[in-house]
Every structure is written in C-alpha cells, then in structure tokens.
**Student:** 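Before I ask anything, let me first share the structure, which is written out below as structure tokens.
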Amino acid sequence: MLGALRLIAYVGWTLLLAPVQALVMALKLPMRFVIPHFYHAVCARIVGIDIVVRGEPAEPGPVLVVSNHSSYLDITVLGSLIRGSFVAKSEVAGWPGFGFLAKLQQTVFIERKARSTAARQRDDLKARLEGGDTLILFPEGTSSDGNRTLPFKTALFAVAGTRIDGRPVTVQPVSVTATRLDGLPMGFAFRPFYAWYGDMDLAPHLWQAFCAGWIEVVVDFHEPVTLDAFSSRKALAEHCQRAVAHGVERAVRGRDNPLPPRERVEPKAPGEGPSAEGALILDGTPTLTLPPGSRRISDPPDADSAGSASA
C-alpha cells in the first residue's frame, strides 16, 4: 500500500512539473535551475528520504561538485540541496523515463570510454562552468555498494583548471551515505535498500525503495578547494577522494570523528603558489536552504522526523 501510494504520488508530481520545466527550458528562463531543485525536494519526501546535512555548500556557481555514488536516489538527494546539473554517462540519455528527466535537469552526457571525444567533452563542461553553472560529477565512474568509496577517475578533473575572470573554478567534495532505515542503523545487510549497483535490475529495486520505510541519508559538504592549491589534477582528485571516503566511513560507522589533521585542508593566503598540502577556501559564509523535512546534523529531529524514526 505504501509503495503504491508513493509511486502514484511520484508519477503525478513528475507529470505535473515536467511540462513546466520543458517550457521554461525552451524559453531559456532563469527558473530552469530552480524547478528541478524544487522537484527533487518534494520527491525526497514522497520517496521517504530524510536528509541530514553536515557542513556548508560552496557559494553558487561556477562550482564543480564531486561526490561518491551508490544509487540513482543520489540524484534526488543532491538535486534537493544543490541548484545545478549532473554529469552522467551517455547511456543514461537512452533510459526510458529517466533519460527524459535527466535532459530536463540539463544533464551533461559524456562517453567515458571514448578517448577520441574526451577533448570535446571537457570543452562542453568548461563552457557550462564559464556560464556560471554548478556541475555535479560522480568521479567513481560507477555506483558502489554504499559501504565504501571507489577510486576516483581523474580525467574530468581537468576542467577544474578552468579560470573565470582570473579565478579558478571551485571544487567541493561531498559525501552521500544512507545510514538508517526507519530509525535503525542500516548496516551492510540493509544498505542495498538504498544502494543500486552491480547487476541489480532497476525496476524491482525502485519498487523496493518505494515500499521501504523512511531512509536517512547523511550529506557531508567538505571544504571547497581549487586546483591552484595542488601540484596536479591527480593530486586534487586524490584529496577529494580522501575527503569523500572519510565522510562515508564516518557516516557508516555513526561516529562524528573529524578529518585527520594531515588530511585537513588549511586556508592559504591569496596569491600563494600551488601546494599539495593547502587549498583556497571561499570567503564568506554561504547559506543552505534545506528541502522540507531535512535537517542539519546539529539540529534535533522535529516531531515528524521523530515519529518516522520510531515507527
């Protein structure tokens, strides 16, 4: 019954907003980034995802967000928190239903195994960043089981070298981890209720996700960095992978332990040259508008969240 109600609500909400987004995109209105953000925020509530936020996102674009990836539900989670577009493999464009939604999200499709088109794909990403967009990249190249973070592929980190008005593009590592199911720790056994990987079929897993109770997902925004602070794109990718992996491990274990000092990003004075140890941090204190029902890690659960957690 719960799965059927959620499915009906999800399909109805999608059919309601999809034509609006298509029209807004055709007219190239600024709201083309706002509507998907609002759409995903409501979808998170429909599907039963309780988002817990740590840290602060970088100021609005141009920003390259790099995150671990364990499920198609990561799209809903990150889309509800970030006004941006995703970078996805070209096969996604042909998926029934989801391919159309990805295009409405203004997703950048890339062919990961085609070296002949690598330069053109980097140029496409660079053009979007130069236009002030925020791009969300999953550099693992595939989805994991959610209990660990796979090594990052470094090729697309080359776009981090893009300079706009003399300033480098901001890169922000983000960890996304499913931690609880109906208030109980997921553990290795139940994390596949969220994670979609390997040879799992999409339709049965999607139905299982709709039928599950409330899933708590912890999103950890790590300190923004720039390529200028590292000796190479590989060093930047390794730093981001360590930060993301540490956030996933911390959430999986349920321990609020800080990043070890040797891996913590320290601020550098403006004008300093590249360094493998430090990174520039954005000035100011950006704010984050949370989707309905989500909360920061320091906030106590509200009545609704407490009720779902104890269900």
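Residue indices begin at 1 and follow the sequence shown. Everything numeric here is computed off the predicted structure, so don't read it as measured data.
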**Student:** Could you go through Val176 and Tyr194, starting from their C-alpha distance and side-chain angles, then the distance that decides it, and tell me whether this counts as side-chain contact (heavy atoms from CB on, under 4.5 Å)?
**Tutor:** CA-CA 11 Å; Val176 180; Tyr194 179 90; 4.0 Å; yes
**Student:** Spell out, yes or no, whether Phe33 and Ile164 are grouped together once hydrophobic residues are joined by side-chain heavy atoms under 4.5 Å, including indirect joins.
**Tutor:**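 As far as the 4.5 Å side-chain criterion goes, Ile164 and Phe33 are not connected within one cluster.
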**Student:** What's the spacing between Gln172 CD and Glu223 CD if we round to 0.5 Å?
**Tutor:**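 Output value for this atom pair is 9.5 Å.
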**Student:** Can you tell me if OH on Tyr10 sees more than 12 non-hydrogen neighbours from other groups inside 6.0 Å?
**Tutor:** yes
**Student:** Does a donor on one side chain sit under 3.5 Å from an acceptor on the other, for Tyr39 and Ser80?
**Tutor:**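 Tyr39 vs Ser80: no donor-acceptor pair found between side chains.
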**Student:** Between Ser175 and Asn68, is there a side-chain heavy-atom distance shorter than 4.5 Å?
**Tutor:**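 In short, these two side chains touch, coming nearer than 4.5 Å.
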**Student:** Give a yes or no on this: more than 12 heavy atoms of other residues, nucleotides or ligands lie within 6.0 Å of atom CZ of Phe109.
**Tutor:**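 Yes - once you tally the heavy atoms of other residues, nucleotides and ligands closer than 6.0 Å, there are more than 12.
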**Student:** Would Leu5 end up clustered with Leu7 when hydrophobic side chains under 4.5 Å apart are linked, directly or stepwise?
**Tutor:**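 Unlinked, Leu5 and Leu7 end up in two clusters.
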**Student:** For residues 148-165, which residue pairs pass the salt bridge (charged side-chain N to carboxylate O under 4.0 Å, His left out) check, not counting sequence neighbours?
**Tutor:**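 For residues 148-165: Asp145-Arg148, Arg163-Asp228.
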**Student:** Quick one, Ile215 with Met186, criterion side-chain contact (heavy atoms from CB on, under 4.5 Å). Give me CA distance, side-chain angles, the key distance, then yes/no.
**Tutor:** CA-CA 9 Å; Ile215 297 176; Met186 274 192 165; 3.5 Å; yes
**Student:** Between Arg32 and Gln106, does the side chain to side chain donor-acceptor pair (under 3.5 Å) criterion hold? Intermediate values first, please.
**Tutor:** CA-CA 9 Å; Arg32 65 185 184 276; Gln106 301 174 82; 3.2 Å; yes
**Student:** Take the angle between the ring planes of Trp196 and Trp95 and call it parallel below 30°, perpendicular above 60°, tilted in between.
**Tutor:**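 Perpendicular: the ring planes of Trp196 and Trp95 meet at over 60°.
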